[in-house]
Protein chains: 2
Amino acid sequence: MPVSITTARRAREFAAREELIIREARKFLLERGFQGWNMDDLAHAVEYSKGTLYQHFESKEDLALAVCTGSLQQRADLFERASNFNGGSRERIRAICCACCEFATAHPEYFHADMMLKSASFWDKASSERQEDHRFQAGRCWRTIQQIIIEAQAMGDLPRDRFKPEEATFALVSVTVGSHIMAMEGDMRVMAGITDPLIAVRRNGDLMCDGLGWKPLSFEADYTETDRRIVREVFPGATWLKSA
Amino acid sequence: MPVSITTARRAREFAAREELIIREARKFLLERGFQGWNMDDLAHAVEYSKGTLYQHFESKEDLALAVCTGSLQQRADLFERASNFNGGSRERIRAICCACCEFATAHPEYFHADMMLKSASFWDKASSERQEDHRFQAGRCWRTIQQIIIEAQAMGDLPRDRFKPEEATFALVSVTVGSHIMAMEGDMRVMAGITDPLIAVRRNGDLMCDGLGWKPLSFEADYTETDRRIVREVFPGATWLKSA
DNA sequence: GCCATTTTTGACCGTTGGTCAAATTTGTTT
DNA sequence: AAACAAATTTGACCAACGGTCAAAAATGGC
């Protein structure tokens, strides 16, 4: 069969099926963890044969990476939306912290899976295309924060002489990721006496911003109203903003 | 054979062999990741049969958890040593950050493995005794930081009215863990333009302490000399303190 | 040297990630 | 509509590996 008008339709169907597989695999990964399901189960669930799965993904790890990258893309999307919040630089970075809450709600186990994939034996089994995709989405998250920081420094909300923008970005990324991981850990919540893990995530972001000297400092201002605005304008339907 | 004088010796030999297995498994885990080796390889490496391995560990995951808990115990040991550093509260918390550097040097891949183990399908395959061990060591790390914070608040180095001690502990734990993870990630280092990841780990700890309002603030003091003292008195032979 | 008990062993089993030749479907030509 | 060729799908099959357990070996008391 030579190139024909059906080619485009075929490509569309192929892409749709790939979506379906990823969607179903995400459910499995979430509910049962990487070891808790096998490719035969998944083939049955999506109603295709195992061989067909392997036309899309070169290994189980490759598929898991695709699932993770999908989540990471959503994270980047949330970050970019948050970044467009109409407010001061400190309010915009607060919106990023809210995006982290939104993400943690939708993908509580994301970092567990991500860390697993990045350990040597997993990462190497994924295709280089999907590795590249993952790097790209990680880059989007990074740049969104970096941009806000550069603008904050330009506006004078954030000191310029104490650190380079990359250092501040690195600090914020570290604390947001670390907080997500810690907040989702049952034992940690018990020790920390945390009732609402997502409040703690935003709190940690605040503290780091304070440490960077990002004006106005959190204990000099009240962000309750800002939070309500962020939810209303950027994340309507969010469930993580407790108390009216 | 009734209870005899050989019992104690047997127990000692058993424990020694368990150490050997864990030591060898740690090498494998570090070099090849969880999927990169099998129980037959390991049996060969320790010069015992596979059946003998399963007298010590009820599954491969159980063994991996034992390896991780061993690392975590070392982390707790480092924390406790750091906590005894002879200095002000802020210097002692700096010593904890140095302990994190020491730990990151000795166990660069620790959190990758730890996250993997905590995902459902892995954790459930480990014995409850080893799960308990892991929780215990995590608790030691937590309490060490918590204690310094309580003392800092008592001494007036750290505000009492802005947060509860657990909140501060949670913030510091989050940032140290997050920084370790981020600092060990190749792509992240490239984006952040980080030449020495461990300097960034300490820097992030500093920024969080500043955010908590922990006196004396990092940009009001120079901790270069403190670092040198910490290395000399607590971590002799440390390789992560660059520049004289 | 013999026996009872404990300990060690590795052949064996079931599961599962991954492959590929055969079967099926699709689309074009006559 | 029949025949044909290209593309796609399939699931039986294979090898690798985690885990088991009956048999073998080692131990220690008599």
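Order of the sequence lines fixes the chain letters, A, B, ..., with proteins taken first and strands second; residue numbering starts at 1 for each chain.
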Under a plain distance cut-off of 3.5 Å, with no hydrogens placed, do [Y] and [X] share a side-chain donor-acceptor pair?
X	Y	value
B:Arg17	B:Thr52	no
A:Gln146	A:Thr169	yes
A:His134	A:Asp114	yes

- Query: Is there a residue in residues 47-66 of chain A whose heavy atoms reach under 4.0 Å of DNA chain D, and which residues are they?
  - Reply: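 Nucleic-acid contacts, sorted: A:Tyr48, A:Ser49, A:Gly51, A:Thr52, A:Gln55.
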What is the distance, to the nearest angstrom, from the [atom1] atom on [X] to the [atom2] atom on [N]?
X	N	atom1	atom2	value
B:Arg32	D:dA16	CZ	C1'	15 Å
B:Phe28	D:dC17	CZ	C1'	15 Å
B:Glu13	D:dA26	CD	P	15 Å
B:Asn38	C:dG14	CG	P	20 Å
A:Gln35	D:dG18	CD	P	10 Å
B:Met39	C:dT9	CE	P	14 Å

- Query: When you measure from the side chain of B:Asp62 to the backbone N and O of B:Phe57, does any donor-acceptor pair fall under 3.5 Å?
  - Reply: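 A pair under 3.5 Å: no.
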- Task: Would you please indicate yes or no on a ring centroid separation below 6.0 angstrom for A:His56 and A:Phe14?
- Result: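 Ring centres of A:His56 and A:Phe14 closer than 6.0 Å.
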- Under 6.0 Å between the ring centres of B:Phe34 and A:Phe122?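 No, they do not, as the ring centres are separated by 6.0 Å or more.
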- Task: Ignoring backbone atoms, establish whether A:Arg10 has a side-chain N or O less than 4.0 Å from OP1 or OP2 of C:dT26.
- Result: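 No, A:Arg10 has no side-chain N/O under 4.0 Å of OP1/OP2 on C:dT26.
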- Message: Let me spell it out: for each of B:Asp40 and B:Phe14, pick the nucleotide of DNA chain C with the closest heavy atom. Which residue's pick is nearer the 5' end?
- Response: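 Looking at DNA chain C, the more 5' nearest nucleotide goes with B:Phe14.
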